[in-house]
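These values consider heavy atoms only, across backbone and side chains, with no hydrogens, waters or symmetry-generated copies.
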Amino acid sequence: MSARLSIRSYTRTMHAHTHDYCQLVFPLHGTIKISIETAFGTGVPQSLSDHVGPGRCVIIPAGANHSFSADEQASFLVADLDQLPEPMDDLPTPFVSISSPLLAFCQFVEHQLQHQHNPDLHKEVGALFLSLLTQEQFQARYDPRISRTLEYLHQDLSQTTKLAELAEIACLSLSQYKTLFKQQTGLSTSQYLLKLRMDKARALLAHTDYPIGIIAEQVGYQDLSAFSRRFSEYFGQSPRHFRP
């Protein structure tokens, strides 16, 4: 089994195609809307659709017709495989959640691929990626109640929503919401939101020419100094370091 890894972005226009190899799509920044015509998990051909963001993976079997669209600023790690790893064979759905360590590795791969072209290094990274996949315990998907709150959080990072309101969106008590959110994501809501904001800010810094003050506002910081301080603490480097 081998893996060819690449970083890709898409457009809001819906595209559709098939290919004779398997493919895994890992959102790194933003979400993708995707529909897959497959017999995955049931043996019965059907059309399955979902909006998938960071922390999840889309499994596209060889020969499956699929259509997709995404915001232009979103980015994805895509793995082209000659066959699917064994843990994926018995999953009931092509839309799965991944662990935070695997997501962190995908983000590491993003940096490596964008940093330099080194075929030998990329081959070694691909082998390690496959090794991690074989050890991953994939979850079919987040609890629908938590999925609703995650979708809400992803919609507008400039706003900060109170926990009580998120719990209401999830139709849970506040204590139930806190417990279930941590169980599902491995993070508290504040930690999850901070990660979303920092990753989005880094992507905007690297891929746009927006002023840093505007980027700070888009990820929920009205005070530029507070944003710069938090960003530097999170990544160990100032926002200006990620400017092209």
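For Glu124, the side chain to side chain contact (heavy atoms under 4.5 Å, CB included) criterion is met by Leu121, not counting sequence neighbours. Not counting sequence neighbours, the partners of Asp156 by the side-chain hydrogen bond (donor to acceptor under 3.5 Å, both in side chains) test are Ser158.
Cluster annotation: Leu157 and Leu166 are assigned to the same hydrophobic cluster (Ile/Leu/Val/Met/Phe/Trp/Tyr, side-chain heavy-atom contacts under 4.5 Å, transitive). Linking ILVMFWY residues whenever their side-chain heavy atoms come closer than 4.5 Å, directly or via other members, places Ile7 and Leu103 in the same cluster. A continuous path of Ile, Leu, Val, Met, Phe, Trp and Tyr side chains, each step under 4.5 Å between heavy atoms, connects Ile59 with Leu28, placing both in one hydrophobic cluster. Under the 4.5 Å side-chain heavy-atom criterion for grouping Ile, Leu, Val, Met, Phe, Trp and Tyr, Leu196 is not connected to Phe235 through any hydrophobic cluster. Cluster annotation: Met198 and Phe105 are assigned to distinct hydrophobic clusters (Ile/Leu/Val/Met/Phe/Trp/Tyr, side-chain heavy-atom contacts under 4.5 Å, transitive).
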- request: Output, in order, the C-alpha distance, side-chain angles, deciding distance and verdict of side chain to side chain contact (heavy atoms under 4.5 Å, CB included) for Asn65 and Ile36.
  value: CA-CA 6 Å; Asn65 184 61; Ile36 307 172; over 6 Å; no
Problem - Worked check of side chain to side chain contact (heavy atoms under 4.5 Å, CB included) between Gln218 and Tyr210 - result: CA-CA 10 Å; Gln218 290 189 7; Tyr210 297 157; 4.0 Å; yes
Stepwise ring-ring contact (aromatic ring centres under 6.0 Å, His included) check, Phe68 with Phe76: CA-CA 12 Å; Phe68 51 89; Phe76 308 86; 9.1 Å; no
- [ ] Report the C-alpha distance between Leu194 and Arg230 in whole Å, list the side-chain angles of each, state the deciding distance to 0.1 Å, and finish with yes or no for side chain to side chain contact (heavy atoms under 4.5 Å, CB included).
- [x] CA-CA 9 Å; Leu194 176 62; Arg230 179 54 64 91; 3.7 Å; yes
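Counting only heavy atoms from C-beta outward, the side chains of Leu174 and Leu163 approach each other to under 4.5 Å.
Listed by first and then second residue, the side chain to side chain donor-acceptor pair (under 3.5 Å) pairs involving residues 163-177 are Tyr152-Glu165, Ser173-Ser175, Ser173-Gln176, Tyr177-Thr189 (not counting sequence neighbours).
Remark: side-chain polar atoms of Asp50 are not paired, donor with acceptor, to backbone N or O of Val52 under 3.5 angstrom.
More than 12 heavy atoms of other shown residues, nucleotides or ligands fall within 6.0 angstrom of atom CZ in Arg243.
Side-chain N/O atoms of Asp199 and Gln107 include a donor and acceptor closer than 3.5 Å.
Atom CD of residue Glu217 and atom CD1 of residue Ile214 lie 4.5 Å apart, to the nearest 0.5 angstrom. In this structure, CG on Leu77 lies 8.0 Å from CD on Glu110, to the nearest 0.5 angstrom. If you take CZ on Arg240 and CZ on Phe231, they are separated by 12.0 Å, rounding to the nearest 0.5 Å. Interatomic distance, NE2 of His51 versus CD1 of Ile34, reported as 11.0 Å (0.5 Å rounding). In this structure, Leu153 CG and Lys195 NZ are separated by 13.5 Å, a value rounded to the nearest 0.5 Å. Note: Ser99 OG to Glu136 CD = 3.5 Å, rounded to the nearest 0.5 Å.
Side-chain rings of Phe129 and Phe26 approach one another, their centers coming within less than 6.0 Å. Note: His17 and His15 fail the aromatic proximity criterion, with ring centroids not under 6.0 Å apart.
For the pair Arg4 and Tyr21, the cation-pi test (distance below 6.0 Å, angle within 45°) is passed.
A salt bridge does not link Lys123 with Asp120: every distance from a Lys NZ or Arg NE/NH1/NH2 to an Asp or Glu carboxylate oxygen is 4.0 Å or more.
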